[in-house]
Amino acid sequence: MAEAKLREKSWETAREDEILQLWKEDPYAFREESGRPVFIIDTPPPYPSGSWHVGAVAHYSLIDMIARAMRMRGFEVLFPFGLDRNGINIERTIEKKFNKRLHDFDREEFIRLCREEMERQSRTYIYLAKRIGFSADFDDHYYATDSPEYRRITQAVFIELFRKGLFYRGLRPNFYCPGCRTPIAEADIEHDEIPSKLLYIRFRGKEGKGLTVATTRPELLCACRAVIFHPDDERYKELEGTIVLVPPQGQEVETSPHPAARPDFGTGAAMICSYGDTMDIQLFRELELEPVAAIDEDGRMTEAAGNYAGMSVADARRAITKDLEREGLVEKIEDIDHKTPVCQRSGDPIEFVLTEDWYMKQLDILPRLRSVVDDMRFHPERHRQLLLDWMDSLTIDWPVGRRRYYHTEIPLWYCQGCGEVLLPEPGPYYRPWRDPAPFESCPKCGGRDFRGEEGVFDTWMDSSNSNLVACMYMKDMEFFRRHFPASIRPQGRDIVRNWLYYTLLKSYTLLGERPFDRVWITGMGLDASGRAMHDSLGNVIDPVPILEKYGADAFRYWAASETNVGEDFRISEDRIAGSGKFLTKLWNVARFISAFQEVEAPDLEPTERWILSELNQLIRECLSGYDDFNFFISANRIRDFLWNVFAPHYIEMVKPRAYDGDPGCTYTLHKVLKGLLCLLAPIIPFITDSIWREVYGGSIHRELLPEPREDWESRLRGLTPALLDFNSSVWKEKKRRGLALKEEISGVALPKELIPFAEDLSRMHSIRW
Ligand SMILES: [Zn+2]
Ligand SMILES: [Zn+2]
C-alpha cells in the first residue's frame, strides 16, 4: 500500500488562505466565447453600513452556491458583485459624526465626506465577500451604485421612461418623514404598535343631534372635512346627511355612511381629515374633498391649525387635548396601542403631507404587472404571494424624489421664462444642481435661463436597475439584447416590496418584459432563540471572528445544511462549530482513499455494485436539489451518505480487499470520493478544491457535477436497510459478548438476501459461519 497522497493529517482552516491565493491566479471570469449557455445572476448589492450582518453573510454564501452549482452544471455564469452605496444611511452617519444636519453642509463637501466614509465601509464588505469564497467576477463585473457609470444608467432609464409618460409632477398627499426631512415611498414604511391616547370628542350638531368621534390625532381636527359611520351601524342611521360642527374651530362637515368606517373602533364614527392615514387619502379622493395642509414639511402645524400654528405635532396634540378637556368636549380618554406607520430608516412617525413631487405611475400598471409575475418562477413557489400581496396593498403612485444629497440626481432642468420641464439626452451623468444646462434655448419660449433640479432619486430608483446592469445594459447592448432577462434574482424576503417590486415595475415599463426568469427568496437570519439580531438585545454575532475561527467552509456548510429555501434560520456559533466535524470526516475519508491507486473500470463485486448504485441515487437527489437551488437537500443527503453508509459500512466491508490491492475496490473508492467532492464543491469550495488538487490535480471548480450512470444501477441498492441492520446487529452482539470489534465471532446467522456480500461481511466482522 502506498502512502496517502493527502499529506496533512487533518484539515486546517488556515489552508483556506492558500486556496484563496490560488483562486486569485485563476479567477472566475465570465467568458461568453466559451460557447456554454449563459446564466446571469442579478446579485443583490449589499448596502455597506458598519459590520455585515452574519445572516446576510450566510445569505451571500448561499448565493455563491447558486453560481458554483450552475458552473458545474455546464453554464457560463455571469456573476457580478455590486455595492449599493447611495442613500440616507450614509448621510445620517455623516450627520451624526459632525453633529450637523445635511442641509447645513456645503453640498459638494457633504458628498465628499459621504464618499470617503463609504469607501472605508465598502472595503470590509469586499474583503468578507472574498473571504467566504464568493466567486463573483470582481475584476470585470463589479459595480457601485454611486459611481458615474451606474448613475448615468439610472438617469438614462428615467429619461426613457419619462419620454413614455410614466412620470408626472403633482401636489399629492405623500408619506413624509419629518426626521429625514424627505418624502418617502410606501415601501420605506414599517408599522409599530405605539402607545397612544384615544380621545372621545364631542361634535355638536348644527341643528339637532351631534355625535362623538374617537381619534388619536386631535391636532388634525382643523383638517377634518367629513365624518363617516358604517352603513349597517344602526346608532347613526338617523344622522345621515346632517351637519356637525368640528371643534375647536367649528367648521361644518357632513356626516355620511361609508363601508370604510369600523363600527368596533371607538364610537364607530370617524373623522376624515387630511391626512391621518392612507384611508383618509383614499376618502379625500373618493369623496372629492378639498384637503387642508395642517402639517408642514418640518413636521410643524401650519396656519390652518389656528392657535396651534408653529407647534410640533406632539406639542399641538398635548395643547389641543388640554383645551378640549377644559371646554368639556372630551368624553373620555383611552390608552391604546395604535398601529402607527414609522420611517424604516429613522423610526420617526410618518406624516401625510401635501408635497409637490415627481411620481412614477404604478397604480394604472398593476394589472399588467400581475401577468409578468405569472411569467416568472419562484423558489419557493409560495413566496410569489408576498409580491402579489404587496402589489394589492399599494395606494399611491411612487414618489421618486428625495430632498437629499448623496443620491443620484434627477436629470431635469426648468425654463426660467415659461417653466417648461426640459429633459436631457440619455447617456451622460448629469448633476443639474451644479452643471450648466445642456440646452441652448427653451423649445417653448426660446428663453436661455434654466434652473437645474435640486432633488435626487429614491435609492430604489438605482437598485431597481441592477438586473439591467448585470446584463450589461449601456455597456454592451448587443450582449444585452442576446441575454436579457437575467436568469435569476436571489434576494431576501424583507425586500420583496421594494427591490423585487420596483425592479419588476422598471423592467416591464422600460422593455415590456419580465426582469428575470426566476426569483429565489431566502428567509431572515435570527439568533439561536429565534429573535432578530439587534444591538439593543446584545445578540449580534460578528461574522469576522467566526470566519477566522471556524473557516468559510464550516460556515458555508452550516448555512447550506440548516437553512431551507425561503424559511427563517437560526444562527448559533455552536452549530457552526459543529459543522467543522463534517469537514474532518470528509478529510479523513479522502486521506484514507488517497493512499490507493486509481485504476480503470474492472469487474465489480456485489459490494461495489451496491455502493455505486447508492452513489447514483445520491447524485440524483443532489441534482434535483441543485436544480431547485436548494442546498439543504444536497448538504444533508451527502452527510447522511458519507457518515451513515459509505464510511461505516462500505469502507469497513472492503478494507481487507483494498489493502490486498483489489482493483474493483480501489476503482470504487475513487469513484465515490470524486462524486462526493464534486457534489460538495458548490457548498464547501475550499476543502474540496484542496483535496482535488492534491489527489487528482487541477481545480475541482473546472469539473462538472456528476450524472447518474446506467451501468451503476443495481437492484442491490434495495438491500441497504438489511445490510445496515445486519452490521449493527453484529456490532451490538460483539459488545454484548464483551468482544473487541476485531475479534472473531461465531453463531451469527446471515439473512438470505445478504448472501452476495457474505465474503466481505465475514472478513469485516471476522465471522465464523
Ligand atoms: Zn426617516
Ligand atoms: Zn421656456
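Throughout, residue positions are numbered sequentially from 1 according to the sequence presented. Predicted model, so just to flag it, every value in this text is computed and none were measured. Whatever order the structure lists ligands and atoms in, that order sets their numbers, starting from 1. Below, all heavy atoms of this structure are taken into account, side chains as well, without hydrogens, waters or symmetry copies.
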query = Okay, side chain of Tyr308, backbone of Asp315: is any donor-acceptor separation there less than 3.5 Å?
reply = no

Vertex the Zn ion (ligand 1), ends Cys343/SG and Cys180/SG: angle to nearest 10° comes to 120°

**Report entry** Whether Glu186 side chain and Thr395 backbone form a donor-acceptor pair below 3.5 Å
**Finding:** yes

At the Zn ion (ligand 1), OG of Ser346 and SG of Cys177 open up to roughly (10° bins) 100°

Do Phe352 and Phe175 make the cut of ring centroids closer than 6.0 angstrom? yes

Does the cation-pi check pass for Arg151 over Tyr406, that is, NZ or CZ under 6.0 Å from the six-membered ring centre and within 45° of its axis? yes

Row for the Zn ion (ligand 2): angle SG (Cys415) to SG (Cys442), 10° precision, value 110°

